[in-house]
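Written out below as structure tokens is the structure these notes cover.
No hydrogens, no waters, no symmetry mates; every other heavy atom, side chains included, goes into these values.
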Amino acid sequence: MPLLYEDFGLDEEGRAAFGAYLGELEDWLAGILNWHRNVRRYRAEDVRSGAGTPLLRHGPKGLGTSAARVVELLGSASR
């Protein structure tokens, strides 16, 4: 970091602020890594199966989603 400090001409206050920011980035990256390692949707077997939950495999459900199913049916009928 000393070269970066010199390139930007940071004084002690600027170096301290930048160091604190880097510490926050390290914490954030560690949290993101931990999250990705432990969330089910990112496990290899779930990615290969196409979705993390069975509900997602059956397409959209609920109010206003019938058009999506019609488009899907029309697409499969033309094959």
Side-chain angles (χ1 to χ4, degrees):
M1 300 313 331
L3 290 175
L4 188 64
Y5 294 156
E6 288 178 32
D7 286 349
F8 286 98
L10 297 177
D11 59 8
E12 288 301 315
E13 184 180 349
R15 292 175 186 210
F18 189 72
Y21 178 71
L22 284 179
E24 291 176 11
L25 281 178
E26 288 173 350
D27 291 344
W28 180 78
L29 285 170
I32 292 295
L33 177 61
N34 187 48
W35 186 80
H36 279 275
R37 284 181 173 169
N38 293 302
V39 170
R40 178 179 173 174
R41 74 173 118 167
Y42 294 110
R43 292 188 310 199
E45 61 271 16
D46 294 318
V47 171
R48 279 193 295 275
S49 72
T53 66
L55 293 176
L56 294 176
R57 293 189 194 118
H58 300 294
K61 299 202 181 321
L63 193 61
T65 58
S66 60
R69 286 192 294 280
V70 168
V71 169
E72 183 180 325
L73 290 171
L74 290 174
S76 63
S78 65
R79 291 182 198 154

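Under a hydrophobic-cluster definition in which Ile, Leu, Val, Met, Phe, Trp and Tyr are linked whenever side-chain heavy atoms come within less than 4.5 Å, directly or via other members, Trp35 and Leu33 are assigned to different clusters.
Taking the side chain as every heavy atom from C-beta outward, Tyr5 and Asp11 never approach each other to under 4.5 Å.
In this structure, the side chain of Asn34 does not engage the main chain of Ala30 through any donor-acceptor pair within 3.5 Å.
Checked against side chain to side chain contact (heavy atoms under 4.5 Å, CB included), Leu29 has no partners two or more places apart in sequence or in another chain.
Residues Leu22 and Met1 approach most closely at CD1-SD, 3.7 Å, considering heavy atoms.
Here the CG atom belonging to Leu4 is positioned 10.0 Å from the CZ atom belonging to Arg15, to the nearest 0.5 angstrom.
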